[in-house]
**Student:** 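Got a structure for you, questions after.
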Amino acid sequence: MAAPLSLHIPEPARRPGAAPDFSGLRLSAAGEVGRSDPQTAASDLRDLAFGLIRVLDDDGQAQGPWRPELGASALKAGLAAMVLTRAFDERMFRAQRQGKTSFYMKCTGEEAIACAAALALDPADMHFPTYRQQGLLIARGYSLVDMMNQIYSNAADPLLGRQLPIMYSAREAGFFSISGNLGTQMPQAVGWAMASACSGDTRIACGWIGDGATAEGDFHAALTFASVYRAPVILNIVNNQWAISSFTGVAGGETTPFAAKGLGYGIPALRVDGNDFLAVTAATQWAAERARANLGPTLIEFVTYRAAPHSTSDDPARYRPADEAALWPLGDPILRLKAHLFRSGLLTEQDFADLEAEALEQVRAAGRQAEAVGVLGKSRPSARTLFEDVFKAPDARLVRQRREHGV
Amino acid sequence: MAAPLSLHIPEPARRPGAAPDFSGLRLSAAGEVGRSDPQTAASDLRDLAFGLIRVLDDDGQAQGPWRPELGASALKAGLAAMVLTRAFDERMFRAQRQGKTSFYMKCTGEEAIACAAALALDPADMHFPTYRQQGLLIARGYSLVDMMNQIYSNAADPLLGRQLPIMYSAREAGFFSISGNLGTQMPQAVGWAMASACSGDTRIACGWIGDGATAEGDFHAALTFASVYRAPVILNIVNNQWAISSFTGVAGGETTPFAAKGLGYGIPALRVDGNDFLAVTAATQWAAERARANLGPTLIEFVTYRAAPHSTSDDPARYRPADEAALWPLGDPILRLKAHLFRSGLLTEQDFADLEAEALEQVRAAGRQAEAVGVLGKSRPSARTLFEDVFKAPDARLVRQRREHGV
Amino acid sequence: MPAMNMIQALNSALDVMLARDPKVLIFGQDVGYFGGVFRVTDGLQSKYGRTRCFDAPISENGLVGTAIGMGAYGLRPVVEIQFADYIYPAYDQLVSEAAKLRYRSAGQFSAPLTVRTPYGGGIFGGQTHSQSPESLFTHIAGLKTVIPSNPHDAKGLLIAAIEDDDPVLFLEPKRLYNGPFEGWRDRPSSPWAGHPMAETPMGHYSVPLGEAAVVQGGAAVTVLAYGTMVHVALAAAHHAGIDAEVIDLRTLVPLDLETITLSVKKTGRCVIVHEAPLTSGYGAELAALVQEHCFYHLEAPIRRVAGWDTPYPHALEWDYFPGPERIAEALRAVVEGEGV
Amino acid sequence: MPAMNMIQALNSALDVMLARDPKVLIFGQDVGYFGGVFRVTDGLQSKYGRTRCFDAPISENGLVGTAIGMGAYGLRPVVEIQFADYIYPAYDQLVSEAAKLRYRSAGQFSAPLTVRTPYGGGIFGGQTHSQSPESLFTHIAGLKTVIPSNPHDAKGLLIAAIEDDDPVLFLEPKRLYNGPFEGWRDRPSSPWAGHPMAETPMGHYSVPLGEAAVVQGGAAVTVLAYGTMVHVALAAAHHAGIDAEVIDLRTLVPLDLETITLSVKKTGRCVIVHEAPLTSGYGAELAALVQEHCFYHLEAPIRRVAGWDTPYPHALEWDYFPGPERIAEALRAVVEGEGV
Ligand SMILES: Cc1ncc(C[n+]2csc(CCOP(=O)(O)OP(=O)(O)O)c2C)c(N)n1
Ligand SMILES: Cc1ncc(C[n+]2csc(CCOP(=O)(O)OP(=O)(O)O)c2C)c(N)n1
Ligand SMILES: [Mg+2]
Ligand SMILES: [Mg+2]
């Protein structure tokens, strides 16, 4: 008689009261992982999914073959974008707490990923983000006031108060409309890239997804279509260790890095230090070079940490050790790039203080402007807009309903 | 300015008029691929997804470490099951052509897979098949008459004429109800296995899917859940080179074997010669041993060839070379096992002729019995059954409708 | 009898069933250690162990697909979809599989799963935390659809759903989790405490599927509602000063048509209310049935008050939500026999 | 004007649009080299090249998801779902994404895709090759749903759907591909040749979305139908000897309510016919609308003749299919003013 079967229910060692424990995390030293030529065949690139591409070491020095060529102004622009993103998050999180809106989500600790990716790609490339890529908009110089108007769902909201706060859409900034439904944007990104390739265009697409959401069927669809048609797309997984209260083990990350998912599709996959602005830049450039050369898709897993609560509705103290964020071994992306600029003699403490002050002032000024229009409940789009854009032109039924509503 | 992008649309070299071309097929010699102990960690098993586990060589000799321990009677039972399956297919395909039913699907050329898997697992284990695993039922000794009654949708159909022909369900034979919707059975198999493990049972589950259907989101869900909870399940991909008219390249198999999909989930994956009864047996036993030892799931890709049309509604001459089946490099599974038995002195030509004659007679006898009940359109279940089993007990509405229908 | 809010009542139902029946198990996103984003499974993992209540991947098709397999094995899985707006990836498993398994296997296999999910608006959740997808399920033969409107029924119906041998979609009006809601956007919300239907027995009991409740007798018009809208309809009738008979359907499938027709034949008038968009909402089925069965008693056209045929908005939530004024207006029109 | 069957007419529509608009492309399972399991895309790959008409993986969510991305880019993808029974894996992409993209992005992005799929019964296809899921889509704000009943309309409506700037679900009654079908199980089927609506212009034309067709004038009762049921309804009226006005809706959303109400106000009676299960079928919406808008003209309850609330069977197909006898009986009952 066989022994009875038992079920494995994954559970992190690290819960409130326990000590943070990152021993299961596969790390590599800065500069350790080799850089293959972007022209390399996918089948020769399998190891990259299991290492961790890192450039910045603990002293802020750039190490190894993945060091990107970035001038001082590019580095400073990156730092400024990250600092501004964090300042924006702080203020809007507070605004929600003050009752000015219904909801907010921060990307604290993950700023390097979106900011570096935005700067590494062409402004004409199209991002298909999820809800934690505000750094893309900010790094691309999108209007903070418009972002706030969206968050306040006010009369100046470019999305007419229709979407939950932070579910931006900014076509001109190459930023696709965010969906609340996890994962759906991934095959859409692939489709956009396929369309670009079909049309003989040069623009590529970039899809974004969280570690938890990789379990959705749409993630598989995206990898399948990207692989089959060799679509010029970069598929980014932001592995910030948590999906609300679920650790990565619940998404299948207990034994294998998420990057390894690419291998079964013949898609080259990189596992990258997401808190390392230079590594993110290098990986993105590498993937973009492949895509633009008709070599097809790349899957990138950015390893980072969600330092903030999932959203304003969440309280992580209920499910993870209070000091886990502070002990995260890949550090803070802003401080790491700052150290690098220090070390390279490109930035002084005063410069950094100025940068922070400037960011704060930018956010404050934007806040004043947006709040002058109004916050949620105090200002809103015309009720007439409720009935618009369902179709390009309303059908008779919508016209009837609008009339019934008296608007 | 970057060069224009272009899209890759996969297309097989082999279309009607062209010569069959199997040069892209990754093959290994019989006995070549090493056999790891079933206790080996998944991460040390990655190469197995890229090789091809084969036991029977061209001379019918069993080679290498994957040789299973099978006695003469087991081998003969396997051969008999395959021969019977083929005879059954022949007759029922003809029955459809004679207008006795609406639809039929053969598994010609793929008989080794289901027959060997059925015999390698325990009768109490539960299969979640797709529509080309009639070999499971036949090898498990399920009533041919009941299968035919189902195909004829007649008054004796165990499924009350509700299902399309060949969409069997046979709980007592460990055969889950077949769905027409591709892929749905895969997470169901994982759930059944999870339930078995939760309950401290010893039975394992086995899910089946075609190469084309691996593109469905449910395939990803199955791998994810199987990996996360280390479910005692075997997930089989039957790669028969075609999904109706689409070659494997359209499902993502152009650059990477389907077995490699397992690697991204940390699931050990085997790529196996599906026309080699001994290799199928060995791989299934290996996976079952892991599952029963609480080592979790295994993904197996069986490489085979769909020698028949997709179904009675299909005409493969429209999309593949007429002689492709004949030139398939892995041969015919029945002839290969027959050669092995010859070679081992366990079978004579006369024995084989007897086997075939016996199979034919079994099928004929069953046919007479089923046709005595009636074929589609001539005999059918009571119209009352139309309204039963929607729920365990009909709601008032169904009672009303049944009454309205006058039954 | 303790007063519970709806979350506590649902938690209690799960607690009772986990304790009574070893075949019951719960899984879904964040339902294990954390206890669910709405806290409905709070404390259950620590009480019953990890294999009875655990977290699942963000894969709704996987959730329902594995639950079907568990059901076929012989367990009674209770699955949580975090928001009803996220049930669509599981739609195929629900429609093609759970709903049809008993039928297509002639009773060999069945899928006695319960899918719990918070639905509906009124919480400024925007288009992906506010939808009411019930009619997408009532069309599917083989599925039952249940929607409670108060803690007492929530517990009793959830127990009945888990004990039911067929797949049940259990939609929880999230706007009612913490208190009844009358639909006045600017009045303070009240808690469940003090409401008669908050009185919820601790132990096992069930409210049978397929029995509507007449929550208020009346002679002038019959109002058909469910979930949050039961409370809004009551408020509307009060507001309009109309003697309405308000029926809480409680289960949409199976439907208690008898209670409905009895009432409409008495009042001769009918208003149907739901949050979901008008077109092909469940109100359409109700209107079709009522006119079919009560035609010669009807004195005015049946009116439907529903969400508009637009996606669910954020800022303009109160322009979308069919609140007491809109319902009151319909009540008045129907009582006065106005055509459209 | 050549006589075409519906397959030829659809093929011709695609041909015309591929030739006229470089933004149009077609993909789906087996649609490329092979030309589709029903041959609707026959010859298009060889004529327009592989990037204009190609095979896709068996992933309906991927099909629709990538098509949405293509639409957002600026193309006009036409996607084929091999059978409507297999559309459910794409349900989330259709409902949450295609339908809402224009709205949620305030017009920045849109998804002008056309999803073609064969639907309906009458071919002994069993439960997964016979379903009629239209009402699962008519409930979704932002989607249009089109169902032709003959070759001429099929071509004109498909062209209109592709040219439409919003997502359109285009359901093809597969029972009508090769000829009209009156629903008599035992009479031989006839081909399209000779039928007036088989006359189909070669070039570009369109039949506007949102306009019903009165296919037969009559005074006794109005019959609302679409797809296969248009022909079955005509046969039923003939069989019953009832002077029915038969309306072919052609598009369910947007709906031509005016043509409907005009007719019902004239006849005072209404029968609605569809193959899909009764409960929450599109007939419910039609019945609700008709009673709302024509209440004071109605002389008998509106009747719905539909599929039973069971999965679609195989052997008992003709016990399920709402054939001419069942419709005729309903016509008689409504003309005689019988209640239920
Ligand atoms: C289809 C779907 N299912 C469930 C949810 C609810 N939900 C919102 S965010 C979230 C966690 C996502 O985690 P992850 O993908 O890791 O992204 P992160 O929040 O960590 O950035 C869940 C379950 C959803 N939005 N969509
Ligand atoms: C969800 C779904 N989509 C499409 C189909 C139509 N269909 C039936 S079989 C088939 C091909 C399947 O190919 P494969 O998985 O390789 O299995 P094989 O037929 O080769 O055994 C397709 C597309 C279906 N049955 N279900
Ligand atoms: Mg995460
Ligand atoms: Mg195949």
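To find a chain, count down the sequence lines: A is the first, B the second, and so on, and within it residues start at 1. What's counted below: heavy atoms across the whole structure, side chains too, no hydrogens, waters or symmetry copies.
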**Student:** Is the NZ or CZ atom of B/Arg162 positioned over C/Tyr103's six-membered ring, under 6.0 angstrom from the centre and within 45° of the axis?
**Tutor:**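 Satisfied, under 6.0 Å and within 45°.
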**Student:** Does any backbone or side-chain atom of B/Leu386 lie under 4.5 Å from a heavy atom of chain C? Answer side chain, backbone, both or neither.
**Tutor:**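 Answer is both: backbone and side chain atoms of B/Leu386 are under 4.5 Å from chain C.
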**Student:** Based on non-hydrogen pairs under 4.5 Å, which of C/Pro254, C/Ala72, C/Pro22, C/Gly107 is most in contact with chain B?
**Tutor:**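 Heavy-atom pair counts peak at C/Ala72.
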**Student:** Could you tell me whether the side chain of B/Val390 reaches within less than 4.5 Å of the side chain of C/Lys100, counting heavy atoms only?
**Tutor:**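 No, their side chains stay 4.5 Å or more apart.
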**Student:** What part of C/Ala141 lies closer than 4.5 angstrom to a heavy atom of chain B: side chain, backbone, both or neither?
**Tutor:**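 C/Ala141 touches chain B through backbone and side-chain heavy atoms alike.
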**Student:** Around atom NZ of C/Lys23, are there more than 12 heavy atoms of other residues, nucleotides or ligands at under 6.0 Å?
**Tutor:**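 Count not over threshold, so no.
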**Student:** Check whether any side-chain heavy atom of B/Lys392 sits under 4.5 Å from a side-chain heavy atom of C/Asp164, and report yes or no.
**Tutor:**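 Answer no - side chains too far apart.
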**Student:** Please state whether the side chain, the backbone, both or neither of C/Gln93 comes within less than 4.5 Å of a heavy atom of chain B.
**Tutor:**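 Contact with chain B is through the side chain of C/Gln93 alone.
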**Student:** So for B/Thr385, is it side chain, backbone, both, or neither that comes closer than 4.5 Å to the heavy atoms of chain C?
**Tutor:**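 The backbone, not the side chain.
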**Student:** Under 4.5 Å from any heavy atom of chain B, what part of C/Val253 do you find: side chain, backbone, both or neither?
**Tutor:**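 When you check distances to chain B, only side chain atoms of C/Val253 fall under 4.5 Å.
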**Student:** Sort C/Ala56 into side chain, backbone, both or neither according to what part of it lies under 4.5 angstrom from a heavy atom of chain B.
**Tutor:**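 Looking at C/Ala56, backbone and side chain both touch chain B.
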**Student:** Tell me, with the steps shown, if B/Asn181 and C/Glu97 meet side-chain contact (heavy atoms from CB on, under 4.5 Å).
**Tutor:** CA-CA 9 Å; B/Asn181 300 63; C/Glu97 302 295 318; 4.1 Å; yes
**Student:** Over all heavy atoms of both residues, which pair between C/Ala106 and B/Leu160 is shortest? Give the atoms and the distance, please.
**Tutor:**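 Taking C/Ala106 first and B/Leu160 second, the nearest heavy atoms are CB-CD1, 3.9 Å.
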**Student:** Evaluate the criterion side-chain contact (heavy atoms from CB on, under 4.5 Å) for residue pair C/Arg102 and B/Phe391; output intermediate values, then yes/no.
**Tutor:** CA-CA 7 Å; C/Arg102 181 188 295 282; B/Phe391 299 112; 5.6 Å; no
**Student:** Would you check if B/Met194 and C/Thr66 make a side-chain contact, meaning some heavy-atom pair closer than 4.5 Å?
**Tutor:**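 In contact.
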**Student:** Carefully, step by step, assess C/Gln108 and B/Ser177 under the rule side-chain hydrogen bond (donor to acceptor under 3.5 Å, both in side chains).
**Tutor:** CA-CA 8 Å; C/Gln108 287 177 9; B/Ser177 157; over 6 Å; no
**Student:** For the CG atom of C/Asp92 and the CG atom of B/Leu182, what is their distance to the nearest 0.5 Å?
**Tutor:**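 If I round to the nearest 0.5 Å, the distance is 10.0 Å.
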**Student:** Using non-hydrogen atoms and a 4.5 Å limit, figure out which bit of B/Glu388 sits close to chain C: side chain, backbone, both or neither.
**Tutor:**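 Backbone only.
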**Student:** I'd like to know which of C/Gly74, C/Ala99, C/Pro167, C/Ser105 tops the heavy-atom pair count under 4.5 Å against chain B.
**Tutor:**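 The residue among C/Gly74, C/Ala99, C/Pro167, C/Ser105 with the greatest pair count is C/Ser105.
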**Student:** B/Val228 versus chain C, heavy atoms under 4.5 Å apart: side chain, backbone, both or neither?
**Tutor:**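 Interface part for B/Val228: side chain.
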**Student:** Side-chain contact, heavy-atom cut-off 4.5 Å: C/Arg104 with B/Ser179?
**Tutor:**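 Answer yes - side chains close enough.
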**Student:** Counting heavy-atom pairs closer than 4.5 Å to chain B, which one of C/Thr51, C/Leu25, C/Leu255, C/Leu63 comes out on top?
**Tutor:**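 Greatest number of close heavy-atom pairs with chain B: C/Leu63.
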**Student:** Please look at B/Ile178 and chain C and tell me whether the side chain, the backbone, both or neither of the residue comes under 4.5 angstrom of a heavy atom of that chain.
**Tutor:**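 Looking at B/Ile178, just its backbone touches chain C.
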**Student:** Which of the residues B/Pro158, B/Ser199, B/Ala222 is involved in the greatest number of heavy-atom pairs with chain C at under 4.5 angstrom?
**Tutor:**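 Most heavy-atom pairs under 4.5 Å with chain C: B/Ser199.
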**Student:** At a heavy-atom distance under 4.5 Å, which candidate from B/Pro187, B/Ala396, B/Ala393 has the highest pair count against chain C?
**Tutor:**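 Among B/Pro187, B/Ala396, B/Ala393, the one with the most close pairs to chain C is B/Pro187.
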**Student:** Between C/Leu209 and chain B, with a heavy-atom cut-off of 4.5 Å, which part of the residue counts as in contact: side chain, backbone, both or neither?
**Tutor:**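 Neither part.
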**Student:** Can you tell which part of B/Tyr168 gets under 4.5 Å to a heavy atom of chain C, answering side chain, backbone, both or neither?
**Tutor:**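 Neither; nothing under 4.5 Å.
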**Student:** What is the distance from atom CG of C/Leu101 to atom CD of B/Gln188, rounded to the nearest 0.5 Å?
**Tutor:**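 Between C/Leu101 CG and B/Gln188 CD, I get 7.0 Å after rounding to 0.5 Å.
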**Student:** When only pairs under 4.5 Å are counted, which of B/Ala170, B/Gly180, B/Ala197, B/Ala231 shares the most heavy-atom pairs with chain C?
**Tutor:**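 Going by pairs under 4.5 Å, I would pick B/Ala170.
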**Student:** Could you measure the distance from the OH atom of C/Tyr73 to the CZ atom of B/Phe176? Nearest 0.5 Å is fine.
**Tutor:**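 Reported value, rounded in 0.5 Å steps: 14.5 Å.
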**Student:** Answer with side chain, backbone, both or neither: which region of B/Phe219 has an atom nearer than 4.5 Å to a non-hydrogen atom of chain C?
**Tutor:**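 Looking at B/Phe219, nothing touches chain C.
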**Student:** Which members of residues 142-149 of chain C, sorted by number, sit under 4.5 angstrom from chain B on a heavy-atom basis?
**Tutor:**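 At a heavy-atom separation under 4.5 Å, chain B is reached by C/Gly142, C/Leu143, C/Lys144.
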**Student:** Is there a side-chain contact between C/Ser59 and B/Thr224, using heavy atoms and a 4.5 Å cut-off?
**Tutor:**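 They are not in contact (no side-chain heavy atoms under 4.5 Å apart), so the answer is no.
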**Student:** In terms of heavy-atom proximity below 4.5 Å to chain C, should B/Met126 be classed as side chain, backbone, both, or neither?
**Tutor:**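 B/Met126 touches chain C through side-chain heavy atoms alone.
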